[in-house]
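For clarity, every value in this text was computed on a predicted model and none was experimentally measured. No hydrogens, no waters, no symmetry mates; every other heavy atom, side chains included, goes into these values.
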Amino acid sequence: MEHQLLHTCLQSLNDNNNPLSLQALASLRSLIINPNTSDSTIYSILETLTCSLQLRTNSLTTHHHILKLLTDLASHRTHLSSQILNTIHYSSLLFTESIQIATESLTSLASIANSDHNKIDDQLFMSLCFAATSTSARLRLLRNGERLGIGMHVLFTMFLGFTEDPYPYVRKASLDGLLGLCKSGNVFEDISVIEGCYFRAVELLQDNEHSVRSAAIRVVSEWGQMLIAAKEENDKIDWSNQVFVQLCSMVRDMSVEVRVEAFNALGKIKLVSEDILLQTISKKVLAIMKEKNSHGQCTAERFEILASSYAGAFVHGLEDEFHEVRKSACNSLRIHTILYAEFARRSLSLLMDMLNDDSMAVRLEALETLHHMATFECLHVQEIHMHMFLGSLLDNCDLIRSIARKIFKLVKLSDFKLFRSSIHGLLQNLERYTKDEADVFSVLFFMGRSHGNFAARVVKEVSQEIEPVLEGKLVLDSARVAAFLVLAISAPLSQNQNGQNIPPRLFSYAVTLLGRISSALREVVDQDTLLAYLSRCSRSSTRGTEVEESSLLPVVDDAVLTHSRKDVNNPVGVPMLQTGNETSKVQPVISCELEDLATSIVECQADELDEVMKSVNLILARVRDAWLLVQSRCTNVAVRALRDCKRELAVLTSASLESAGILAFTMQYLQVMKLFAKIWEHVVWKIRSDETGGLEYLFGKLDVRLRELRYRYIGFSKEEELYVLELIVVACMLRLSKVEICCSPTTLKKLSAIISHIEILNDKGPMEPSNILMDAKKTVHEIESSKAGISCSLFLITNLVDFFTLKQFSLCPRVRHINAELDVPGNDSENPLPFVSGLPVAIPLDITLYNVSSENRLWLTIRMSQESTQFVFLDSNILGGCNEVKKFTFMAPFYRTPKARSFSSWISIGMECALEDCHLVKHCGGPKRKLVYLCQEKEVHLCLVRRD
């Protein structure tokens, strides 16, 4: 049957006068897509189609069908794709006199393979573009130019030229092509070329077709930023202002699409002068702008036209009749509010008005912007704003209420009246939406810690409501009473709670509500710790002095517990109240409550991972915003924002290995980005003048942190693994840019190994390489091919500034932390282990390993000094425990006992970095590669045995 159908089709195809030829072509497709069709039949079809493709008597329709069949054949029989590519390539050259047929051939060529296999002659492409009279032909040629392997400069010339095409779709395709050239990482060294493209796009902002104007806005934004980067340092701010003003001129366009695109583009401009930003939120020309023009920069008439182009730009966007525009304006405003305090203050009233918007999406975007401002300490709420702000707590949308509560966690209120109004609003939220109880309690706890004196005053005012009623019994089902108790127990934890007394009986009342309160505060404190804290405070007779407070509150450093964003130098620790030795005895009256608490914890564990993931991904999004500040030379602000992220992360606790791994990775990532910010300031911006040794110290810390990110976490998705590797690539390029502090061959070797590993990952599945990766490959090739060494460091820095943009990074819940715990039971300075000088000594160790597999090579390191280290191999195959957790006791032999009365050694557990072949370490009987350490060093005390 197969051969009969093939014979009929071939006969029909060979007879060009037969009207059934098109039907024959359609029949052939059924043979091509059938996976059971024999190879001999496929080869016969290919031979026949190849011959038919070269016939000049074919109509355009027949030629189109033949090309479509060849394309299907290449996709279903990949081993024939190279031969089919050559056939179509030859066909495009053969029919150059027929523009339509040649265009059809090139379109098919572009759809089969990438530009490495289907590159055509630049001259042929240009000839076809100029000769094409059909609009569709020009469109297809321009859209497929990059895939056909056309040279960058030829493409740029063609795209720029066809922006003057009479047909709007061709102009738009040309602008999209220019945008693609900019985003693909191509470098244009001639600044006049960049200016030519930018000013042509500015002209097209006035095009009659709205789709062309939208495309022109995107080109002005991207090429404008390229132009800013190419300018001298003193001119950058002026050009940045000019690009910003050009984009502002489009926010009043008649097209909704254009207005949305304009505001999206405004949010990408990283740095704008404060006076221009202030003018965008005022429709009236400000006095400061008139003063600047008084120096004779332009005529009064010209100045009015110029100022009116951006005066009130954001006001117009926020007042737009279409919610898409209002939402985009809110989003664009977000990045600029953290740059200048005055601009943030004046923008606040506009954003508060958006909280009453009819669109839920706009209200949500406005709250996200306010949350962003609160994160960067730019949100200063006044009484005039309070009623709108509190209204969000009563919104019908759960997500809006949730974000509003998150803002209250961060905001600092200047006077007691505002604080009392906030507490009243949260209580209204609790009364109307009882399902929000846990979240409201959590917010009250944070607010009490941040405003200790205010919280104590509120508790004093409502003390009558909290007292027992109805024969001395406390009304336990009152959510309002529980809320006040949460506020009361949080006040003593505040750093600014000066002498305000919280009656001890309130802590006793809180014990009776332990289940509800502990469930709400699980991100801050666990059940046993909270119980111990409440018990100790309830037994205290007074809380008036600092000494008593210190003894009654078994807490870690107050910097951890206080959600303060003012003191950026406070350390970040684990945000858990320490229980001490007072949790062993619990009054029988609350045993029933503890049973309820245990049940509650089991029920909450299923939701814990989701909550942790939401919080972590929000923090990761803020890291990207902080990096924009680094690239805008606001490094101090960025570092402060990263520290705030670490504090916020520190208050998240976990009861499972899954969430613990995610939190550990995020904390490590924040530390890496903080180091990147400091190094960037040294190397790229050259702002700091520290000695080379200090910079080398930062590079050393960064190498260790990045190595831990790569090897101490498992379960990465492909995108996450590539992201970590790209960070290592950036670190290597920064090192190469600072010749005097690095061993360039070692760094080059490491960079080449990382790039090769990334290419292997890309071979497993198509991933678009980032600009920084392509630039790194080019750099390595140029350095290795030339003997100039690292003389191109300035080139590396320039490319880093232009190409490295931190991606939006989100973490998957499968990430696990390879970790270890190490203890020497019963050993301290007063209870040393005995040893005999010159003889080995066995050191008993209690070891717990988390997420260690049999493929990991573990080593115990026992050192007496930096120069004297002994290695002991740990074979994980013979260790007990499950795959996730392995607990065992191990007797570690130490052979180098000194001739001394006593000595100390330090023990840790390290894991070999299996993929770092370029960092081989020569240890006799020790690891072959560098180690990442899974736990802190443990000090072991040993004492010489006396001989009688």
**Q.** Ion pair Asp703/Arg707, N-O distance below 4.0 Å
**A.**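 No, this pair does not count.
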Q. Quick one: do Arg218 and Glu261 make a salt bridge, cutoff under 4.0 Å?
A.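 Yes, this pair counts.
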Under 3.5 Å, side chain of [X] to main-chain N/O of [Y], donor-acceptor pair present?
X	Y	answer
Trp223	Leu178	yes
Thr157	His153	yes
Arg171	Asp165	yes
Arg816	Arg814	yes
Glu720	Ser717	yes

Q.
Assess, by modelled atom type and distance only, whether the side chains of Tyr669 and Tyr713 contain a donor and an acceptor separated by less than 3.5 Å.
A.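 Not at all, the side chains of Tyr669 and Tyr713 share no donor-acceptor pair under 3.5 Å.
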Q) Any side-chain donor paired with an acceptor under 3.5 Å for Ser853 and Asn856? A)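 Indeed, the side chains of Ser853 and Asn856 share at least one donor-acceptor pair under 3.5 Å.
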Nearest 0.5 Å, what's the [atom1]-[atom2] distance between [X] and [Y]?
X	Y	atom1	atom2	answer
Lys172	Thr163	NZ	OG1	14.0 Å
His757	Ile754	NE2	CD1	7.0 Å
Glu209	Leu204	CD	CG	12.0 Å
Leu175	Leu160	CG	CG	9.5 Å
Asp176	Tyr169	CG	OH	13.0 Å
Leu181	Glu222	CG	CD	12.5 Å

**Q.** Result of checking Val260, Val212, Val258 against Ile217 for side-chain contact (heavy atoms from CB on, under 4.5 Å)
**A.**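 Of the listed residues Val260, Val212, Val258, the side-chain contact (heavy atoms from CB on, under 4.5 Å) partner of Ile217 is Val258.
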Q) How close do Cys812 and Gly715 get, heavy atom to heavy atom, and via which atoms? A)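 Heavy atoms only, the tightest pair is SG-O, 3.8 Å.
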Q: Of all the heavy-atom pairs spanning Ala201 and Val220, show the shortest one and how long it is.
A: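 That closest heavy-atom pairing would be CB-CG2, 3.6 Å.
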Would you call [X] and [Y] a side-chain contact if the rule is heavy atoms closer than 4.5 Å?
X	Y	value
Leu931	Cys913	no
Lys718	Leu722	yes
Leu709	Phe665	yes
Lys750	Ile728	yes
Asn617	Leu811	yes
Cys197	Phe156	yes
Gln668	Glu708	yes

For [X], all residues meeting side chain to side chain contact (heavy atoms under 4.5 Å, CB included), sequence neighbours excluded:
X	answer
Glu257	His210, Ser214, Ser255
Ser756	none
Asn819	Arg712, His817, Tyr850

Q: Could you tell me if the ring centre of Tyr167 sits under 6.0 Å from that of Phe162?
A: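 Ring centroids of Tyr167 and Phe162 are no less than 6.0 Å from each other.
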Q.
Quick one, Leu849 with Val885, criterion side chain to side chain contact (heavy atoms under 4.5 Å, CB included). Give me CA distance, side-chain angles, the key distance, then yes/no.
A. CA-CA 6 Å; Leu849 302 177; Val885 182; over 6 Å; no
Q) Does Asn208 CG have over 12 foreign heavy atoms under 6.0 Å away? A)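 Atom CG in Asn208 is not crowded, with 12 or fewer foreign heavy atoms closer than 6.0 Å.
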